[in-house]
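Start at 1 and go down the list; that is how both ligands and their atoms are numbered. All values reported here derive from a predicted model rather than from experimental measurement.
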Amino acid sequence: MAARTLHALLSFLLLFLSSPAIAQQPYVDNRQLDCLNHNYDNITNGFTCNGPSSCRSYLTFWSQPPYNTATSISTLLNASATEIQSLNNLTTVSSTIPTRQLIIIPINCSCSNAGFYQHNATYTLSGVREETYFSVANDTYQALSTCQAMMSQNRYGERNLVAGLDLLVPLRCACPTEKQTAAGFRYLLTYLVAMGDSVSVIAEMFRSSSEAVTEANELKTSNIFYFTPILVPLRTEPTRIVISPSPPPPPPPPVSPPPQTPPESSSSHKWVFVGVGIGVGLLLIILAIFFFCFYKRRSKSEQINKLSDSSTKHSLPTTTTEWSNDVSNSTDTFGVKSAIESLTVYRFHELQSATSNFSDDNRIKGSVYRATINGDDAAVKVIKGDVSSSEINLLKKLNHSNIIRLSGFCIRQGTSYLVYEYSENGSVSDWIHTTEKKKTLSWKQRVEIARDIAEALDYLHNYITPPHIHKNLESNNVLLDSNFRAKISNFGVARILDEGDLDFQLTRHVEGTQGYLAPEYVENGVITPKLDVFAFGVVVLELLSGKEAVTKQKKEDNKEEEVEMLCKVINNVVEGENVREKLKAFMDPSLGNEYPLELAYTMAQLAKSCVATDLNSRPSVAQVLTTLLMIVSSSIDWEPSDDLLHSGSLAN
Ligand SMILES: *[C@@H]1O[C@H](CO)[C@@H](O)[C@H](O)[C@H]1NC(C)=O
Ligand SMILES: *[C@@H]1O[C@H](CO)[C@@H](O)[C@H](O)[C@H]1NC(C)=O
Ligand SMILES: *[C@@H]1O[C@H](CO)[C@@H](O)[C@H](O)[C@H]1NC(C)=O
Ligand SMILES: *[C@@H]1O[C@H](CO)[C@@H](O)[C@H](O)[C@H]1NC(C)=O
Ligand SMILES: *[C@@H]1O[C@H](CO)[C@@H](O)[C@H](O)[C@H]1NC(C)=O
Ligand SMILES: *[C@@H]1O[C@H](CO)[C@@H](O)[C@H](O)[C@H]1NC(C)=O
């Protein structure tokens, strides 16, 4: 009922906010994330030259070390330091600007030979960290450029990016069209959408209007994504604009020279995007509904907690005072407080000694450390910034042998430490994407892993209230215990499934990994359980082939890179002629001939149906599970002498 009201309200808001598209400049709409997709070059490469061939224009930049003086920003963006200084009321060109302050940069914008408006800057690859076209465009240049535009204007393939190389960085800018000029707009400012922004907030910030911003970007809905550039038409020079005193906090620092704690899955390329734009009122309603649902379900989850309480109790002491002090710094304390009841709250020094002071020797991977607590092994995940209270809240009530168990946590000075059960055998990707000969999984282990994952997803989708979507399933997030039973982990972005209300699902925070994301989600932000089915299909393809979800290869003829997605490759394998031969070639070489080809074919067909482009032709997790149980039992028949203890060395 609440959802229906919400739906009505949302439809009304969408109707109200959208205005007919009038050819100005199309919004990138998150296509800048899809570096290898050239279908939208006309949009990702820059704004089309549809006005004067050059003009004065403005960029915005969030001050960020090492780019936190007028001089350093001017070098980065090829602008004038003194102009930046005077426009932003800075004391000198070298005075330090507080981090995350919004700086306005005047530049000259002109048409390139290819017919796009741009301002050229040059960036020298530093070699301090690994850089890609995407990281330069998104992180260093704060999405003022796109990977597509950089790739089309630089000759070097992504693999040839080495320290010292100079790259041309075409910065997105535009000149007012005749229509805008007639309406009194003299400049277009390129603004980087930050967390919490909406069209109206941005318009207000620069004393423009929501209608002008909507029209200038040809926005068809009120959804805008953060880390995307958006044009703001201005009637006057921004010198006379007073930027709203409390701009929304931008994302955490993208570039800080000392290496930070590496992200949890360093190899995977995280796609983060958020739809913003529904008014504050709507957000409040969503929050209210969320709280309402939570309380309704709370008594239920507490019962589950009591059941698992005995296993989560540790003899370690806890201090509530220290805890509440720490929590008061967190912006999202609601979920955390309610989590206290069933989880152990550790003191920081306890975790320090359990992990030998977070030493490198104890590091498992990324920011996950091995700990010894009361003689038991545990894994401690360190999360910088705000604790993902939703992950804590969700995990504490899940009780399934194929889902990693959270036993406790600690929050200190804005950093969260989550304590999980330990998985002796690491992640599935450690086993299938390795060149180590000894590390290989047998056929039976692979099908059992697939079944375990399906069991866990079935539980999430169909057996808990409210149902949840994991949303970030990948072989990195599937862990293996000492018996090679799979457990899914990383519930940081999992979310409640609100049935039958797609619009509502479009506007919430989402996250995932390239190669595992279903097309309807990437393109339209649609969130359904079929998202997990898609990702599951990709993991099964990895289990079959031993290949990564995404592999990049250089083309022979030109210097461009070719990307190969497992979810695309499979269609060729199981269709057309010579399916047997093609399937044999597709299978993981480390399996040798130790697998039943017929069952492998059934499994490949299953995976193929899971990664279907049309979400309606994907099976449900329950259907997937049925097929897998059949495959598992037939695999046992195929290899009657199979012994779990020896199966790991079958391929040697
Ligand atoms: C850009 O190209 C796509 C695909 O070729 C097309 O559908 C779209 O209309 C074009 N957009 C503009 C603004 O030209
Ligand atoms: C921009 O162009 C004007 C003349 O059109 C010129 O005086 C100014 O130096 C240019 N600015 C930069 C940063 O190149
Ligand atoms: C500019 O800075 C000076 C001192 O540095 C301050 O007195 C003045 O109020 C500032 N002006 C604006 C518009 O912020
Ligand atoms: C910027 O670089 C492009 C080449 O990618 C070129 O066409 C354009 O003329 C350059 N603009 C200026 C102002 O130099
Ligand atoms: C800096 O911008 C000017 C146009 O304002 C352009 O002519 C020049 O080539 C750019 N310099 C670099 C290093 O890209
Ligand atoms: C883009 O940059 C922002 C800010 O540095 C970062 O938080 C975000 O994760 C980046 N996006 C992707 C897809 O890596």
Fill in: Any residue meeting disulfide (SG to SG under 2.5 Å) with Cys567, in chain and number order, not counting sequence neighbours
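Not a single residue meets the disulfide (SG to SG under 2.5 Å) criterion with Cys567.
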Discussion item. List ligand 5 atoms under 4.0 Å from Thr122, heavy atoms only on the residue side.
Written reply: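 In order of numbering, the contacting atoms are 12 (C), 13 (C), 14 (O).
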Worksheet item: Using a threshold of 4.0 angstrom between heavy atoms of the protein and any atom of ligand 4, which residues qualify?
Response: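 Residues within 4.0 Å of ligand 4: Ser110, Ser112, Asn113, Gln118, Asn120, Gln153, Leu168.
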Fill in: Face-on cation placement of Arg172 at Phe47 ring, 6.0 Å and 45° thresholds
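Verdict for Phe47: a cation-pi partner in Arg172.
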Practice prompt. Could you walk me through whether Phe206 and Tyr191 pass ring-ring contact (aromatic ring centres under 6.0 Å, His included), step by step?
Written response: CA-CA 10 Å; Phe206 295 99; Tyr191 173 75; 5.5 Å; yes
Worksheet item: Ile383 and Leu418: which non-hydrogen atoms are nearest, and at how many Å?
Response: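 Residues Ile383 and Leu418, closest heavy atoms: CD1-CD1, 3.8 Å.
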Discussion item. Using every non-hydrogen atom in the two residues, find where Cys109 and Ser57 come nearest and quote the distance to one decimal.
Written reply: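 Smallest heavy-atom distance, with atoms named: CB-CB, 3.7 Å.
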Worksheet entry | Contact check, side chains of Phe358 and Val382, non-hydrogen atoms, under 4.5 Å |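 In short, these two side chains touch, coming nearer than 4.5 Å.
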Discussion item. When you compare the side chain of Gln64 with that of Gln142, does any pair of heavy atoms fall below 4.5 Å?
Written reply: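 Counting from C-beta outward, Gln142 and Gln64 do come under 4.5 Å.
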Item to complete: Go through ligand 6 atom by atom and flag the ones less than 4.0 Å from a non-hydrogen atom of Asn138.
Response: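 By the 4.0 Å cutoff, the relevant atoms are 1 (C), 2 (O), 3 (C), 8 (C), 10 (C), 11 (N), 12 (C), 14 (O).
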Fill in: Per-atom contacts, ligand 6 versus Asp139 - under 4.0 Å to a heavy atom
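So the answer, numbered in order with elements, is 1 (C), 2 (O), 10 (C).
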